[in-house]
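Following: one structure in structure tokens, then a few remarks.
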Amino acid sequence: MIANQPSAQGGTLTKVTNGEGGGPYPADHLYFGGSSPNPNTFGGTIKVSVHPLSLVKKVVLQVQITEAYGLDFYQPGGAPDLLLNTTTSVATSSIDQTQHEMIGKVDYTETLEDLYLNTYRYEWDVSLIQVPITSIEIQMSAVQHAEIYALQVDQGGVGTIPAYPPSLKILSIEPVVYQNNVSSVGVTFEGESAKAYLLEYNEVLATSGWSSDGESVSTGTGIFSHTFRASGDHRIAWQRQLFFRARWP
């Protein structure tokens with residue numbers, strides 16, 4: 001696969017190896033296929049390749065992946081690994097799990113399991129690499145039934161990579177209210193303290209269709225509330241499901 005976002009610089013995604021029951025393929029998301037009911041079954045390996053910028057100092061990977069039986073990356077050794085010039089880098093990555101949310105339930109083996117979507121940020125400092133960097137590859141292996149929702153690789157000089165996405169956890173949701181042709185719902189979140197978030201909502205988990213009132217919300221001590229409003233009667237849809245996300249203003 002070749003990245004096709006307008007801002008992409010031609011990154012590619014390649015399947016390296018299949019898993020024990022098939023391998024990763026594009027379904028609703030990038031699904032590591034198979035039918036095993038056993039946890040930590042090897043689901044396959046993929047590789048993301050990007051062309052290095054001149055004098056690159058830092059490489060950042062952001063990845064959204066669902067769990068299967070409590071695991072996302074295959075253990076041991078399946079977590080993202082940076083390869084420079086086709087060899088494993090000696091650089092150590094710093095890892096942030098910036099989000100961990102249940103997005104529904106899934107039936108793997110006639111038993112409903114909670115479906116969690118995890119968002120990670122891996123950062124590698126490559127400023128001390130003494131040879132010219134001619135290729136950048138990030139390789140990772142997932143467990144069977146895992147799904148990758150999104151991948152993004154950024155690179156640049158020290159201090160040029162944007163800050164990681166804001167963390168957001170739902171603590172409580174009030175009943176949906178419909179009055180004067182306006183639907184509203186109040187939500188209490190937990191996030192980072194003393195920050196300003198731009199909150200968005202969507203009736204489906206997708207890359208488009210997110211709505212916002214355009215005003216930044218103060219997170220205060222880290223526990224904060226916000227009321228989402230939209231014209232029309234959205235009670236049925238919002239009571240069934242509603243997704244939220246936060247962006248930096």
Side-chain angles (χ1 to χ4, degrees), residues 1-8 10-50 60-83 93 95-122 136-154 164-165 168 170 202-210 240-245:
M1 299 179 180
I2 300 175
N4 60 3
Q5 293 296 319
S7 60
T12 60
L13 174 66
T14 306
K15 179 170 68 174
V16 178
T17 58
N18 281 321
E20 296 181 16
Y25 66 91
D28 290 340
H29 308 284
L30 187 65
Y31 176 62
F32 290 74
S35 58
S36 173
N38 299 320
N40 202 34
T41 299
F42 179 66
T45 302
I46 60 171
K47 177 178 64 178
V48 181
S49 305
V50 297
V60 172
L61 167 73
Q62 296 177 78
V63 55
Q64 286 188 314
I65 182 172
T66 58
E67 297 180 358
Y69 305 115
L71 291 173
D72 41 31
F73 296 114
Y74 179 72
Q75 302 296 325
D81 186 28
L82 176 67
L83 291 83
S93 66
I95 306 170
D96 289 316
Q97 182 174 330
T98 59
Q99 191 171 352
H100 176 77
E101 60 174 332
M102 189 178 76
I103 60 173
K105 291 184 178 291
V106 63
D107 185 356
Y108 292 129
T109 57
E110 300 183 355
T111 301
L112 287 177
E113 302 278 347
D114 291 339
L115 183 63
Y116 285 92
L117 178 65
N118 301 325
T119 303
Y120 295 99
R121 182 180 190 270
Y122 292 80
I136 294 176
E137 300 173 340
I138 301 174
Q139 187 166 291
M140 65 199 82
S141 302
V143 300
Q144 194 175 110
H145 304 305
E147 290 185 274
I148 289 182
Y149 278 49
L151 286 168
Q152 179 172 321
V153 178
D154 294 293
Y164 59 82
L168 190 67
I170 298 173
N202 199 344
E203 295 180 4
V204 296
L205 193 61
T207 56
S208 60
W210 292 89
R240 182 176 63 249
Q241 66 178 24
L242 194 59
F243 299 92
F244 306 98
R245 71 181 186 185

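A quick note: this is a predicted structure, and the numbers were derived from the prediction, not measured.
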Residue pair Phe32 / Gly43: nearest heavy atoms and the distance that separates them = CD2-O, 3.4 Å
What's the spacing between Ile138 CD1 and Tyr122 OH if we round to 0.5 Å?
-> 10.5 Å
What is the distance from atom CD of Gln144 to atom OH of Tyr31, rounded to the nearest 0.5 Å?
-> 6.5 Å
Positive for side-chain contact (heavy atoms from CB on, under 4.5 Å) with Val48, one of Gln139, Gln152, Met140 = Met140
Say whether, by atom type as modelled, one donor and one acceptor occur between the side chain of Thr45 and the main chain of Val16 under 3.5 angstrom.
-> no
To the nearest 0.5 Å, what is the distance between CG (Leu61) and CD1 (Ile136)?
-> 12.0 Å
Rounded distance (nearest 0.5 Å) linking atom CZ of Phe244 with atom CG of Leu168 = 9.0 Å
Separation between NZ of Lys47 and OG of Ser141, rounded to the nearest 0.5 Å = 12.5 Å
Please identify each residue that fulfils side chain to side chain donor-acceptor pair (under 3.5 Å) with Lys15, with sequence neighbours left out.
-> Asn18
Hey, could you give me the CG/CZ distance between Asn202 and Phe243, rounded to the nearest 0.5 Å?
-> 8.0 Å
Heavy-atom closest pair, residues Met1 and Leu30 = CE-CD1, 4.2 Å
Look at the side chain of Gln241 and the backbone N and O of Val204, then say whether any donor-acceptor pair between them is shorter than 3.5 Å.
-> no
Whether His145 and Tyr69 hold their rings parallel, tilted or perpendicular, with breakpoints at 30° and 60° | perpendicular
Kindly indicate whether the side chain of Asn40, heavy atoms from C-beta on, has any atom under 4.5 Å from the side chain of Asn38.
-> no
Answer whether the closest heavy-atom distance between the side chains of Ile148 and His29 falls below 4.5 Å.
-> no
Flag side-chain contact, heavy atom, 4.5 Å: Ser36 against Glu20 = no
Pairing residues for Glu203 by the side chain to side chain donor-acceptor pair (under 3.5 Å) criterion, not counting sequence neighbours | His234, Trp238
Side-chain heavy-atom pair Glu137, Thr14 within 4.5 angstrom cut-off = no
Between Asp72 (side chain) and Ala146 (backbone), is there a donor-acceptor pair under 3.5 Å?
-> no
Does Val60 reach the side chain of Arg121, with side-chain heavy atoms less than 4.5 Å apart?
-> yes
Would the Tyr120 and Phe73 ring centres measure less than 6.0 Å apart?
-> yes
